[in-house]
Amino acid sequence: MTDFRIIPGDIPLPLPTMGLEFMEPFFHGLLIVAWVVHILFINVLLGASLASVYFNSKGHKEKNPIYDRVAYLLTTPVTISENMGALWGVAPLLLVSILLTPLFYSSSIMISPHWLHIIYGNVVAFLLSYLYKYTWHTLEHRKTLHIFIGTVGVALFYTLPWAFMANVQLAMTPSTWTYTTHFWDALLRADTFFRLVHFYLATFAVTGVFMLVYGMYKRKSDNAEDREAGVVLTRTGKTWFIIPTVLNFFVGPLVLFSFPDYGIEAFFENGYFWGILLTVALALFSLYLLLKDFFNDDLPAKRVWTVVAVMVVAILSMASLRHGMRMGLVKPVLDASHAKTERFQRESLAAFEEAKNTPATPVATQANVHAGQSLAEKHGCLACHNADIKVVGPAYKDVAAKAYTADQIVELVKTPKPENWPGYMPMPPMPQVPAEDVKQIAEWINGLK
């Protein structure tokens, strides 16, 4: 069984359910749906923003106004997707923070401040994308500058998934945590890398489907230029869907088998592999529908909506099986965390009852309080320790019985060794406490023998 020693111990509190435990399946379902809506908007945002800059550059290079028109048309879904993606992104974050509190909280701490790149990166990328869109005609004769603005905005958008993916992958794999884990550790792992590749390929595929729908409507426009732009969107949409989807047939298994063994076992034991088979079958059917009419620029509306409907089901299937993988990975550590919470509550209640029934001791005056005791209170040590009785951590009398030297206690405060105290919640490192203060605290502790 995997050892999950480094799980959150600083807030061992139960989640407030208010008697709504029966709502948990609903929350899981809501998480899947909210996440799908959010990620589809993000896919279109990334794909359409890149396509717009590409066609803008292509139109400028070839002096082709149709490509320029395609590029301009794609700025509208970009700005809409920016706002809708951000709004719908709130729901999954709130649901994850409720359902996976100790894991999401800890992974966010471990990769900070890079996690904050989602905020300032979004702000700058949003402003650049709006500048790119609304200076289209103003910078018509300064295309190099205009394309540069769009390119910088796109580059920023494409870095945002790094922080999110590193955080999510870290939260899902607590067996990989160490006291020194940081952002680059999480980002450069195989599972994070393959997830990012899979995500970017899916971005192009989803944008391809969007282009098919967008192109279908533009081909019916009264404007001749828009009709020609619709043809370009349709052609591009077919290519953007087919190639990334085929590539993801190879990347998908790499994502699955880069996870820890216990998560893969839980995934197959719970039957989620049927979701993979269903998703692959639906994707193959969509490929067949588009390849059948690959050279038909006037793709029938019925064919387009059939592809959309099939892929919506495929995406929901894929989202469900991914959620199954996620829960298979986190269930052992959540069970351990819940057990730790229950043990903490029992021990805290017992300590409270013992303290309540113990005769009161004389109140210590400032004159007879040891300097080490005052420092222990100042640095928050007494929140988890007591001189005489076990609270969250061991009683200081029990620590004194181990006969640690002052230097050893300094080192243990900076780098705790939970294996020295089995049955207790792991102590968080406290490097911020000055060594001289720790030595005075150690003197007081050792005087309790």
Has Arg219 got a side-chain atom pairing as donor or acceptor with Leu299's backbone, closer than 3.5 angstrom?
yes

Would you call the rings of Phe257 and Phe268 parallel, tilted or perpendicular, where under 30° means parallel and over 60° means perpendicular?
parallel

For Phe210 and Pro77, the nearest pair of non-hydrogen atoms, with its separation, is CZ-CB, 3.4 Å

Can you run down the side chain to side chain donor-acceptor pair (under 3.5 Å) pairs that involve residues 83-93, sequence neighbours left out, and say none if there aren't any?
Asn83-Tyr130

For Gln408, look at atom CD and say whether over 12 heavy atoms of other residues, nucleotides or ligands are found less than 6.0 Å away.
yes

Cation-pi check, Lys220 onto Tyr217 ring (under 6.0 Å, within 45° of axis):
yes

Has Phe193 got more than 12 heavy atoms of other residues, nucleotides or ligands less than 6.0 Å from its CZ?
no

Can Thr279 and Ser317 be counted as having a side-chain donor-acceptor contact under 3.5 angstrom?
yes

Side chains of Met172 and Phe259, heavy atoms from C-beta outward: is any pair under 4.5 Å?
yes

Qualifying residues under salt bridge (Lys or Arg N to Asp or Glu O under 4.0 Å), relative to Glu225, sequence neighbours excluded
none

Close aromatic pair by centroid cut-off 6.0 Å: Trp162 and Tyr158:
no

Is a donor from one side chain sitting under 3.5 angstrom from an acceptor on the other, for Ser57 and Tyr67?
no

In terms of relative ring orientation, are Trp240 and Phe204 parallel, tilted or perpendicular, with 30° and 60° separating the classes?
perpendicular

Could you pull out the closest heavy-atom pair between Val44 and Thr207, with the gap in Å?
CA-OG1, 3.9 Å

Strictly by salt bridge (charged side-chain N to carboxylate O under 4.0 Å, His left out), give each pair with a member in residues 129-151 just once, sequence neighbours left out.
Asp68-Lys143

Arg303 side chain vs Leu290 backbone, donor-acceptor pair below 3.5 Å:
no

Ring centroids only, cut at 6.0 angstrom: are Tyr72 and His137 within range, meaning strictly under it?
yes

Hey, is the main chain of Leu73 close enough, under 3.5 Å, to the side chain of Tyr214 for a donor-acceptor pair?
yes

Will you find, in the side chains of Asp191 and Ser258, an N or O donor that is under 3.5 Å from an N or O acceptor?
no

Taking atom OH as the centre, does Tyr120 end up with more than 12 heavy-atom neighbours from other residues, nucleotides or ligands that are less than 6.0 angstrom away?
yes

Taking atom types as modelled, is there a side-chain donor on Asn167 or Ser107 under 3.5 Å from an acceptor on the other?
yes

Please report the shortest heavy-atom distance between Ile409 and Ala442, naming the atom on each side.
CD1-CB, 3.6 Å

Nearest-0.5 Å distance, NE2 of residue His379 to CG of residue Asp437:
3.5 Å

With ring centroids as reference points, do Phe164 and Trp35 lie under 6.0 angstrom apart?
yes

When you measure from the side chain of Asn223 to the backbone N and O of Asp226, does any donor-acceptor pair fall under 3.5 Å?
yes

Side-chain donor-acceptor pair under 3.5 Å between His198 and Arg195, yes or no?
no

